Amino acid sequence: MKPLNLVFWSTPIGHLGSGSGGGVELTLVNVAQALMQRGHRITVVAAPGSAAGVQTMLNPDRVAQASQRGGALTVLEVAGTPPISAQHQGRETPVVIPSQSLLVAMGETVREMESQFDLILNFAYDWLPLYLTPFLHTPMLHLISMGSLSDVMDEAIDRVLHSHPRAIGVHTQAQAATFRRIPDLGDRCFVLSNGLDLSRYYFNAMPQEHLGWIGRLTPEKGLEDALAAVAQSQIPLKIWGSLENEQYWQGLQAQYPQAPVSYGGFLPTAQLQQQLGQCRGLLMTPRWVEAFGNVVIEALACGVPIVAYARGGPAEVVRSGQTGWLVEPDSVSGLVAAIGRLGEIDRHSCRTQAETEFSLEALADRYETWFQQVLTA
Ligand code: UDP
């Protein structure tokens with residue numbers, strides 16, 4: 001397709017590279033890298049600190065290759081007060097706009113610049129960008145990065161689907177199915193899965209004894225089940241991720257004193273993948289319906305099999321018996337049994353699945369198909 005000028009509306013939760021925004025940070029950077037390779041020019045509207053954060057996440061070789069094809073990435077920082085993240089609010093919580101709202105400032109920036117762009121792509125899981133869709137002249141698309149969490153968001157997505165039938169993208173069918181008030185969402189949206197810069201993840205055929213767990217340390221991620229499982233199996237567990245809820249983490253350590261765990265902090269991708277590759281397996285134990293679970297494909301790219309609950313995004317990605325084991329949701333004994341069978345998984349199959357389904361090239365194809373359909377509509 002012909003190269004486009006694109007503006008990305010980033011998450012307002014923390015700056016890119018901070019980890020506070022969760023998987024959507026890496027998703028945005030990978031979508032940008034995938035599209036730059038095809039010659040598209042991207043401007044990211046994001047919170048202060050994002051320009052430096054994005055630099056640490058980009059692959060300089062890819063950026064150089066992309067610029068030869070005309071591709072470019074610019075980060076425009078916009079200041080303001082961030083909203084409270086949707087997963088920390090109740091289903092019926094009304095929309096609250098704080099004074100000096102970052103979301104409003106981002107919206108104004110996008111509106112002022114929109115005539116310079118062919119498409120706007122929104123990554124913020126918030127009501128405002130959805131609400132603004134019919135008021136902008138440039139087509140606006142939305143990557144919905146989490147499952148259904150609030151009535152206001154569900155209504156806003158439903159309204160956009162009525163006025164702009166191609167404007168909604170999700171990661172997985174399981175995620176789409178969480179939006180119960182939009183029962184046919186899975187048929188009406190684009191299912192985009194996700195992708196990685198595989199050249200930055202190294203296959204490791206020789207793991208150590210320990211297991212890994214990666215994610216924001218917060219109740220919806222269900223870390224307690226991973227601790228309960230390793231307390232039983234006595235296999236060491238290494239944990240990495242942003243410490244979103246310190247009280248929760250301290251409570252877990254007190255609850256499972258016999259669990260052999262260590263916490264390694266939040267690491268940049270280059271270090272994370274190196275640590276990840278040394279793990280015998282990755283435990284994925286979320287309480288909520290994980291929309292996708294970037295860490296699953298990051299682990300597969302390093303040759304690390306997954307033990308995950310059979311729900312949400314991981315259940316659509318992991319091939320049980322080939323690239324990991326899917327376990328009855330919320331069953332600690334199921335986790336323990338699956339950990340015992342990790343040796344049956346060939347680590348090469350994990351890397352192969354990542355290369356076949358989750359490359360940046362495959363990701364660019366999926367996004368370009370989406371854009372093409374919107375622009376020709
Ligand atoms: N992550 C990271 N460093 C860490 C731990 C996690 O960069 O030490 C990133 C990881 O690469 C992934 C994100 O945090 O992109 C977690 O995303 P995921 O989709 O698994 O869950 P979410 O936080 O969006 O619920």
Side-chain angles (χ1 to χ4, degrees), residues 10-11 13-33 50 53-59 85-88 123-125 143-149 170-172 174-175 178 192-198 200-201 212-223 226 237-245 248-249 262-279 282-302 304 306 308-309 311-318 324 354 358 360 363:
S10 180
T11 171
I13 309 294
H15 66 77
L16 291 169
S18 68
S20 338
V24 72
E25 296 178 21
L26 186 68
T27 298
L28 183 149
V29 171
N30 283 332
V31 172
Q33 293 201 109
S50 296
V54 165
Q55 284 311 318
T56 66
M57 297 171 82
L58 287 172
N59 176 346
S85 53
Q87 68 269 34
H88 299 131
F123 291 81
Y125 189 100
L143 172 67
I144 307 297
S145 59
M146 294 185 280
S148 171
L149 295 169
V170 298
H171 289 296
T172 57
Q175 176 197 1
T178 64
L192 297 152
S193 184
N194 224 346
L196 289 178
D197 182 354
L198 290 163
R200 301 195 76 195
Y201 295 81
W213 187 98
I214 304 178
R216 290 172 291 111
L217 278 69
T218 181
E220 68 266 18
K221 293 292 191 173
L223 178 56
L237 178 71
K238 293 197 177 179
I239 299 164
W240 297 276
S242 125
L243 187 50
E244 197 167 283
N245 186 332
Y248 166 69
W249 170 228
S262 60
Y263 171 54
F266 180 82
L267 301 180
T269 298
Q271 289 169 36
L272 182 68
Q273 70 82 29
Q274 197 191 16
Q275 294 290 335
L276 187 48
Q278 294 171 24
C279 297
L282 181 81
L283 299 187
M284 185 81 189
T285 52
R287 285 265 167 269
W288 70 352
V289 177
E290 192 75 46
F292 186 76
N294 278 345
V295 297
V296 170
I297 59 172
E298 294 183 89
L300 292 177
C302 298
V304 178
I306 316 294
Y309 287 146
R311 77 171 152 225
E316 276 177 41
V317 171
V318 176
F358 306 113
L360 285 189
L363 189 68

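All ligand and atom numbering here is 1-based and tracks the order in the structure. Heads up: numbering here begins at 1 and tracks the sequence. Not measured: the values here are computed from a predicted model.
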- Message: Is it the case that the side chain of Gln33 and the backbone of Asp197 share a donor-acceptor pair, with hydrogens and angles ignored and the cut-off at 3.5 Å?
- Response: no
Note: ligand 1 atoms sitting under 4.0 Å from heavy atoms of Leu267 are 2 (C), 3 (N), 4 (C), 7 (O), 8 (O)
Check: Thr269 N/O within less than 3.5 Å of ligand 1 N/O: no
- Please confirm whether Lys221 comes within less than 3.5 Å of ligand 1 when only nitrogen or oxygen atoms on both sides are compared. yes
For Gly293, the atoms of ligand 1 under 4.0 Å from one of its heavy atoms are 19 (O), 20 (O)
Numbered in order shown, the ligand 1 atoms found under 4.0 Å of a heavy atom of Gly22 are 23 (O), 24 (O)
Original post:
Can an N or O of Trp240 be found at a distance shorter than 3.5 Å from an N or O of ligand 1?
Top reply: no
Would you say that Leu363 contacts Asn194 through its side chain, given a criterion of any heavy-atom pair below 4.5 Å between the two side chains? yes
- Task: Tell me yes or no: between the side chains of Ser18 and His15, is some donor less than 3.5 Å from an acceptor?
- Result: no
- Is a side-chain N or O of Gln175 found less than 3.5 angstrom from the main chain of Met146, in a donor-acceptor match? yes
For Trp288, the ligand 1 atoms with a heavy-atom partner under 4.0 Å come out as 25 (O)
Closest to atom 23 (O) of ligand 1 among protein heavy atoms sits Arg216 NE, 2.8 Å
So the atoms of ligand 1 within less than 4.0 Å of a heavy atom of Glu290 turn out to be 21 (O), 25 (O)
Ile214 heavy atoms within 4.0 Å reach ligand 1 at atoms 5 (C), 6 (C)
Here the atoms of ligand 1 under 4.0 Å from any heavy atom belonging to Gly265 are 8 (O)
of all protein heavy atoms, closest to atom 11 (O) of ligand 1 is Glu298 OE2, 2.6 Å
- Looking only at atom types and distance, does a side-chain atom of Tyr263 sit under 3.5 Å from a main-chain N or O of Gly241, one as donor and one as acceptor? yes
Note: Glu25, heavy atoms under 4.0 Å from ligand 1, region reported as neither
When Arg216, Glu220, Lys221 are each screened for side-chain hydrogen bond (donor to acceptor under 3.5 Å, both in side chains) with Thr218, the one that passes is Glu220
**Asked** Taking Glu25 for the side chain and Gly19 for the main chain, is one N or O donor matched with an acceptor at less than 3.5 Å?
**Response** yes
Check your understanding: When you measure from the side chain of Tyr125 to the backbone N and O of Gly147, does any donor-acceptor pair fall under 3.5 Å?
Key -> yes
If only atom types and distance count, is the side chain of Arg200 paired as donor or acceptor with the main-chain N or O of Gln273 below 3.5 Å?
no
If you measure every N/O of Ser242 against every N/O of ligand 1, is any gap under 3.5 Å? no
- Taking the inter-plane angle between the rings of Phe292 and Phe358 on a 0 to 90° scale, is it parallel (under 30°), tilted (30 to 60°) or perpendicular (over 60°)? perpendicular
Rounded to the nearest 0.5 Å, the CG atom of Leu283 sits from the CH2 atom of Trp213 at a distance of 10.0 Å
Of all protein heavy atoms, the one nearest atom 19 (O) of ligand 1 is Asn294 N, 2.9 Å
Is it the case that the side chain of Tyr201 and the backbone of Ala354 share a donor-acceptor pair, with hydrogens and angles ignored and the cut-off at 3.5 Å?
no
Ranked by distance from atom 17 (O) of ligand 1, the top protein heavy atom is Gly23 CA, 3.0 Å
* Phe266 near ligand 1, heavy-atom distance under 4.0 Å? -> yes
* **4.0 Å heavy-atom contact, Gly19 with ligand 1** => no
A student checking ligand 1 against Leu26 at a 4.0 Å heavy-atom cut-off should list atoms 11 (O), 15 (O)
